[in-house]
Amino acid sequence: MSIKSETTDGTKERPLNFIEQKIEADIASGKHGGRVHTRFPPEPNGHLHIGHAKAICVSFGLAHKYGGVTNLRFDDTNPEKESTEYVDAIRRDVSWLGFTWEGGEFYTSDYFDQLYGFACQLIQSGKAYVDDQSSEEMAAQKGAPGRPGKNSPHRSRSPEENLELFKKMKAGEFQEGTRVLRAKIDMAHDNMLMRDPLIYRIKYASHHRTGDDWVIYPMYDFAHGQSDSIEKITHSLCSLEFENHRPLYDWFIEALNIYPTEQTEFARLNLSYTLMSKRKLLKLVEEGVVDGWDDPRMPTISGLRRRGYTPQSIRTFADRIGVAKRNNEIDVSLLEWALRDDLNRIAPRVMGVLNPIKLVVLNYPEGQKEQLVTQNNPEDPSAGSRELPFGRELWMEADDFKVDVNKKWFRLAPGRVVRLKSAYIVEYVNHIEDDSGKVTEVHVNYVKNSKSGQDVSGIKAKGTLHWVSCADAVDAEVRLYDRLFSESAPEAKGDFMDCLNPGSLEIKTGCKLEPSLSAAKIGTVYQFTRLGYFTVDPKYSEPSGLVFNRAVTLKDGWKG
RNA sequence: UCCCCGAUGGUGUAAUGGUAACACACCGGUUUUUGGUGCCGUUAUUCCAGGUUCGAGUCCUGGUCGGGGAACCA
């Protein structure tokens, strides 16, 4: 595995989480011959999101840490919901995150024959039976928490009869919904899942891989643990919601006498202002609230990628949130922090003006132009430098000029002096307002001997502004994103559709970027000096009409 | 009503019977040609009640609160 799981301070030791402690104890005791083999088992019925990213980092990361490998297994036991489109997307997302499944790529459907055999084995040992009742009848017999259920009238069929019926189920001799195979456990068990759970059902549906070969399909509980066992997974890691399934998982392993994989559960990720349910995310897509699974506001891996998130930032995030059994709600600002932490080190700095107004340097000769040199990344000298054209007419940020200001204002204002980044110090002369009082143009004089790197003017400018030369500027559209929901926990109260943030997307046109950005590449994330991190939108951007997405702002320490 | 899991600063995560720590956030200072970054510092934590112990966040008992648990879903 060629990923770096270290964080910025990668050399620091992090205390072991409870799963690592367990793995180390297992290795020490020689369990599984000291092997560590994990798996990531998504159902290909939707796109992966940041919650899955945590699970991926845990399962792949742990195997990697302990010298083991990981399998990617598509859990495809419900043909009605699954498709190869999702398989491809999941594969792409996992590898984009930086992980390779050198344990192999598998499908639960690979094991349909074996699973069928397991079912027959259970029947023969009297541990499973065919039930002819309707789902309503079975539900009524199930009892309730605290109240035992009743045995099915078909519970005592002989193994021979059960086997015969099960074979007929497989042969397509029964209608969908008329018969199921159930494990024979205990209808009075405290754990509802142990009350003779369904393990096979009839479904006349085409499967994305096995086509019409099968008309019976195993249930999750009868497929998942056995698949782990078949692959000799040592540590089967999953989320807390499956804790109640573990006794059943173990029951099947024991009843079938197969490889003893052990399941360990940990808390899934919850992120503030974010939805983590595939079903609800799908609704956002279907209702056109967003422009697809990869909308930059979506918490999907593809959305984060399009937004400008880096694989490293997501891995760092996963590392920082830790692994435990406690329910949590992580503040999205930690995810943003992880992105800034990565991008600050690697993002090329460029200049772009989002809300341009004219800045005219009165004492700079008309028609004159010069190339200034500026660093690509002050955090990384090896990133080199580039040239920046400067002239008499520039674009500046509207927010960087204000008429009435107080002492804390560092930017341009009447009577003030500022430095233009990598260029000259300029002094306010006057400004022009339109009829509504909006400032449309600011006029300054530049200080000739204050050129960046050769400044002998002795003038100290408190503020530094970004700017772009009018004659050389590249026009672009820039999309600013904010959280999709205005509620910290959109799923908590009422309908999540009612707390959509109407300002989650702001489209700015007529933005002015420095000329080097006309060659901006998809996949590179740039820091627009003083503004934030931006990347080319792969869906809407064209050579003739650049479109940038803002991944995240810079931290704003100004408390004006 | 029954079963399972959990509870440590604002948010997460450690401390495995022996000084409650780390990160993020916040606040303040400092550096800075990005009000970014870096550096320094401040504030703030063991759900409750009993018990065991020289000593309890940790062990025991009881409670409270939160999450999960009935699908021909995974």
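No hydrogens, no waters, no symmetry mates; every other heavy atom, side chains included, goes into these values.
Across all strands, Gly532(A) comes closer than 4.0 Å to no nucleic acid atom at all (heavy-atom distances). Within 4.0 Å (heavy atoms only), Gly149(A) reaches no atom of the nucleic acid at all. Nucleic acid contact class of Gln133(A) (heavy atoms, under 4.0 Å, all strands): base. Nucleic acid contact class of His245(A) (heavy atoms, under 4.0 Å, all strands): base. Across all strands shown, Arg411(A) has heavy atoms under 4.0 Å from base atoms, whether or not it also approaches the sugar-phosphate. Within the nucleic acid shown, Pro42(A) has no heavy atom closer than 4.0 Å to any nucleic acid atom. Across all strands, Glu43(A) comes closer than 4.0 Å only to sugar-phosphate atoms, never to a base (heavy-atom distances). Among the heavy atoms of the strands, none lies under 4.0 Å from Asn191(A).
Between U8(B) and Arg326(A), a contact under 4.0 Å exists linking OP1 or OP2 to a side-chain N or O. Distances shorter than 4.0 Å separate none of the side-chain N or O atoms of Ser452(A) from OP1 or OP2 on U33(B). Remark: Ser272(A) is not in phosphate contact with U11(B), judged by side-chain N or O atoms under 4.0 Å from OP1 or OP2. For A71(B), the OP1/OP2 oxygens have a side-chain nitrogen or oxygen of Lys142(A) closer than 4.0 Å. A close approach under 4.0 Å does occur between a side-chain nitrogen or oxygen of Arg201(A) and OP1 or OP2 of A74(B). Applying the 4.0 Å criterion to OP1 and OP2 of C73(B), one finds that Lys203(A) has a side-chain N or O inside that range. Contact check, Arg340(A) against U37(B): no side-chain N or O comes under 4.0 Å of OP1 or OP2.
Distance Phe410(A) CZ to G36(B) C1': 14 Å, rounded to the nearest Å. Leu115(A) places its CG atom 12 Å from the P atom of A74(B), with the value rounded to the nearest Å. Remark: C1' of C72(B) and CG of Asp196(A) are 15 Å apart, rounded to the nearest angstrom. When rounded to the nearest whole Å, the span between CG of Asp331(A) and P of U13(B) equals 14 Å. Put simply, CG on Leu198(A) is 5 Å from C1' on C72(B), counting in whole angstrom units. Asp228(A) places its CG atom 15 Å from the P atom of A74(B), with the value rounded to the nearest Å. Across the protein-nucleic acid pair, Tyr526(A) atom OH and U34(B) atom C1' stand 19 Å apart, rounded to whole Å. Spacing between atom CZ of Arg279(A) and atom P of A71(B) amounts to 18 Å, rounded to whole angstrom units.
Separating the P atom of C4(B) from that of A70(B) is a span of 16 Å, rounded to the nearest Å. Nucleotides U53(B) and U42(B) are separated by 40 Å at their P atoms, to the nearest Å. Separating the P atom of A71(B) from that of G66(B) is a span of 25 Å, rounded to the nearest Å. Atom P of U1(B) sits at a distance of 11 Å from the matching atom of C65(B), rounded to the whole Å. With both ends at atom C1', the span from G28(B) to A21(B) equals 23 Å, rounded to whole Å. On the C1' atoms, A15(B) is 25 Å away from G67(B), given to the nearest whole Å. As rounded to the nearest Å, C24(B) and U19(B) have P atoms that lie 25 Å from one another. On the C1' atoms, U58(B) is 16 Å away from U45(B), given to the nearest whole Å.
The side chain of Asp75(A) sits closest to A74(B) out of G36(B), A74(B), C73(B). Minimum atom distance to the side chain of Thr77(A) is reached by A74(B), of the listed C2(B), G36(B), A74(B). Considering only side-chain atoms of Asn17(A), the nucleotide from C5(B), A14(B), A74(B) that sits closest is A14(B). Among the nucleotides G35(B), A25(B), G12(B), the one closest to any side-chain atom of Ile321(A) is G12(B). Considering only side-chain atoms of Asp190(A), the nucleotide from G36(B), C2(B), C72(B) that sits closest is C2(B). In the set U37(B), A74(B), G35(B), the nucleotide with an atom closest to the side chain of Trp558(A) is G35(B). Of the candidates U34(B), A70(B), C73(B), C73(B) carries the atom nearest the Lys81(A) side chain, counting heavy atoms from C-beta on. Closest contact between the side chain of Asn344(A) and the listed nucleotides G66(B), U37(B), C5(B) involves U37(B). Checking C24(B), G36(B), C72(B) against the side-chain heavy atoms of Leu334(A) singles out C24(B) as nearest. You'll find that the side chain of Leu554(A) is closest to U34(B), out of U34(B), G12(B), G68(B).
A 4.5 Å side-chain heavy-atom check between Leu271(A) and Pro299(A) finds every atom pair outside the cut-off.
Using N1 to N3 plus N6-O4 or O6-N4 for Watson-Crick, or N1-O2 and O6-N3 for G-U wobble, each under 3.5 Å, A49(B) pairs with U61(B). Checking G66(B) for Watson-Crick or G-U wobble geometry (two distances, each under 3.5 Å) identifies C5(B) as its partner.
Seen from the ring of Tyr116(A), Lys170(A) counts as a face-on cation partner, given the 6.0 Å and 45° thresholds.
Residue Glu329(A) places no side-chain atom within donor-acceptor reach of the base of G10(B), judged by atom type and a 3.5 Å distance cut-off alone. For a distance-only test at 3.5 Å, the side chain of Thr464(A) fails to qualify as a donor-acceptor partner of the base of U34(B). The base of U34(B) has none of its N or O atoms less than 3.5 Å from a complementary donor or acceptor on the side chain of Arg419(A). Judged by distance alone with a 3.5 Å cut-off, no donor-acceptor contact links the side chain of Arg530(A) to the base of G35(B). The base of U37(B) does not come close enough to the side chain of Arg345(A) for any donor and acceptor atom to sit less than 3.5 Å apart.
Between the side chains of Glu370(A) and Tyr364(A), at least one donor N or O sits under 3.5 Å from an acceptor N or O.
For Phe534(A) and Phe548(A), the ring centers are positioned 6.0 Å apart or more. Separation of the Phe222(A) and Phe118(A) ring centroids does not fall under the 6.0 Å cut-off. In this structure, His208(A) has its ring center at least 6.0 angstrom away from the ring center of Tyr86(A).
With Thr374(A) as the partner, the side chain to side chain donor-acceptor pair (under 3.5 Å) test is satisfied by one option alone out of Ser422(A), Ser452(A), Ser385(A): Ser422(A). Each of Tyr424(A), Trp395(A), Phe390(A) was evaluated against Trp467(A); a single residue qualifies, Phe390(A), per the ring pair (Phe, Tyr, Trp, His ring centres under 6.0 Å) test.
With salt bridges taken as basic N to acidic carboxylate O contacts below 4.0 Å, one links Asp455(A) and Arg419(A). Ion pair Glu231(A)/Arg39(A) not flagged as a salt bridge, since none of the NZ, NE, NH1 or NH2 atoms sits closer than 4.0 Å to an Asp/Glu carboxylate oxygen.
Each of Leu531(A) and Ala144(A) was matched to the nucleotide of RNA chain B holding its nearest heavy atom; the match closer to the 5' end belongs to Leu531(A). Taking the nucleotide of RNA chain B with the nearest heavy atom to each of Gly557(A) and Ala324(A), the more 5' of the two is matched to Ala324(A).
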